[in-house]
There are 2 protein chains.
Amino acid sequence: MQALFDYFEQFKVLSETEKQAITATCSIKRVEKQEMVETSGSTSNTIYFLEKGIARIYYYKDGKDITEYFALSGNLVARVQSLFTQKPSPKAIQMLEAGELIAINATQFFQLFDTYPGIERLFRLMLEASYLESVERIESIQFHSAKERYETLLKEMEIIQKVPLKYIASYLGITQVSLSRIRANYLPNDTQIS
Amino acid sequence: MQALFDYFEQFKVLSETEKQAITATCSIKRVEKQEMVETSGSTSNTIYFLEKGIARIYYYKDGKDITEYFALSGNLVARVQSLFTQKPSPKAIQMLEAGELIAINATQFFQLFDTYPGIERLFRLMLEASYLESVERIESIQFHSAKERYETLLKEMEIIQKVPLKYIASYLGITQVSLSRIRANYLPNDTQIS
DNA sequence: CTATTCCTTTAACAAATGATAAATAATGAG
DNA sequence: CTCATTATTTATCATTTGTTAAAGGAATAG
């Protein structure tokens, strides 16, 4: 549980009381590789913190498996659209590497906002950060070639090397075949062609 | 000023006192077509509500003018990255149609959070909505062709017809020439080819 | 109204990515 | 370990989008 509060600490807003209140909404869950953390069709009521392991959010579009998001350990994962709108989600969360999750009960967590303004502030600040990340990802998709996006992803998430290629392709918005092609042509910057 | 509070009303969180407190952070500004509302290089300290008119956020990338966002009347516009990080922004806000803005002083507005939790909640809820919009735009860019994105934009924002094509192309992540080509080939769904 | 400037379209060709299919390679169950 | 399954690469061809250049239209200042 400590890792979660280390994560929250960057926002420097929680009092001890608030931390305790949050703790009461959390539970720990051990998960296997390939395990489904949340399945498509359900309405989300949980925010996960990934203590260890790798997860992805994915959905099916026109029969194709699309990876929307990769989560590495030390980060939060949630099906936010469903969480905020309280509608069933077409998306699912799946482990790509075994690990351990902290599951935050969102209903309970959101109720704390009325009693502890510091917790609502924490959430607001996390939202700001996520929103900026999202805006940056738009820019990345919109104005970079598939090759550039792949190189950026490699830099940002070295651990991505553990993830099957087929999941990465859809995250980058291209086909598996295109990604394979890009990798085949890919030469690191310091490679000399003689 | 009423239009702004009508907009806020959808979130149903503000008391009268809170509305008055917000009013004190606002000023009204009349703006001409083509007028620069905020210029590149400055650090943003203002959230705008567009009472009337059309605005865009844009920046230069590799010497090219890139439209990041179109704002239609009845919506908020802000250079959020700069606002949240308090760093100078490479982005600018420009009017495409003359109109009237409500300028919210962000420093003052954010300070109200400590006194009025309802105002912080309002902001949190607006952030949630913007974040979801942003996630949806990622999906739109990533898994739709330029043609599909153009059609979607037409449906979402009819007023976009007033906006010069060259600004729309970069918003869609394509070149002006490609957009022109798409429009040339474009036939509405109910058109019969005989 | 006219001239200039800016915007949009068109054309021709290049480059990137998609679709499909088949060949290898890697992985996991038994 | 071996077989069956799954993942990745390679190949070929089609399609989309980019690049550059030029021509045609629209808007605006004077």
Over how many whole Å does the gap from [X] atom [atom1] to [N] atom [atom2] extend?
X: A:Q34; N: C:dT27; atom1: CD; atom2: C1'; value: 11 Å
X: B:E97; N: D:dA27; atom1: CD; atom2: P; value: 12 Å
X: B:K64; N: D:dT17; atom1: NZ; atom2: P; value: 16 Å
X: A:E32; N: C:dG28; atom1: CD; atom2: P; value: 14 Å
X: A:I174; N: D:dT8; atom1: CD1; atom2: C1'; value: 14 Å
X: B:Q142; N: C:dG18; atom1: CD; atom2: C1'; value: 15 Å
X: B:F143; N: C:dT17; atom1: CZ; atom2: P; value: 15 Å
X: A:L179; N: C:dA16; atom1: CG; atom2: C1'; value: 14 Å

In terms of side-chain heavy atoms of [X], which of [options] is nearest?
X: A:R181; options: D:dT17, C:dT17, D:dT9; value: C:dT17
X: B:I182; options: C:dA19, D:dT17, C:dT10; value: D:dT17
X: B:K33; options: D:dT28, C:dG18, D:dT8; value: D:dT28

Can you say whether the rings of A:Y59 and B:F143 are parallel (under 30°), tilted (30 to 60°) or perpendicular (over 60°)? perpendicular
Would you please classify the geometry between the A:F110 ring and the A:F84 ring as parallel, tilted or perpendicular, with 30° and 60° separating the classes?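 The arrangement is tilted - the two ring planes meet at 30° to 60°.
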Here's a test for you: under salt bridge (charged side-chain N to carboxylate O under 4.0 Å, His left out), which of A:K91, A:K166, A:R56 qualifies with A:D65?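 Of A:K91, A:K166, A:R56, salt bridge (charged side-chain N to carboxylate O under 4.0 Å, His left out) with A:D65 is met by A:R56 alone.
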Per the side chain to side chain contact (heavy atoms under 4.5 Å, CB included) rule, which among A:E9, A:R121, A:K19 passes with A:L14?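 So the option named by the test is A:K19.
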Which residue lies toward the 5' end of DNA chain D, A:K166 or B:V177, if each is placed at its nearest nucleotide? A:K166
For a quick test of reading the model: is some side-chain N or O of [X] closer than 4.0 Å to OP1 or OP2 of [N]?
X: A:R183; N: D:dT9; result: yes
X: A:S145; N: C:dA16; result: no
X: B:S180; N: C:dT9; result: yes

Side chain to side chain donor-acceptor pair (under 3.5 Å), that's the test. Do B:S178 and B:R181 meet it? Break it down for me. CA-CA 5 Å; B:S178 280; B:R181 197 156 32 193; 3.2 Å; yes
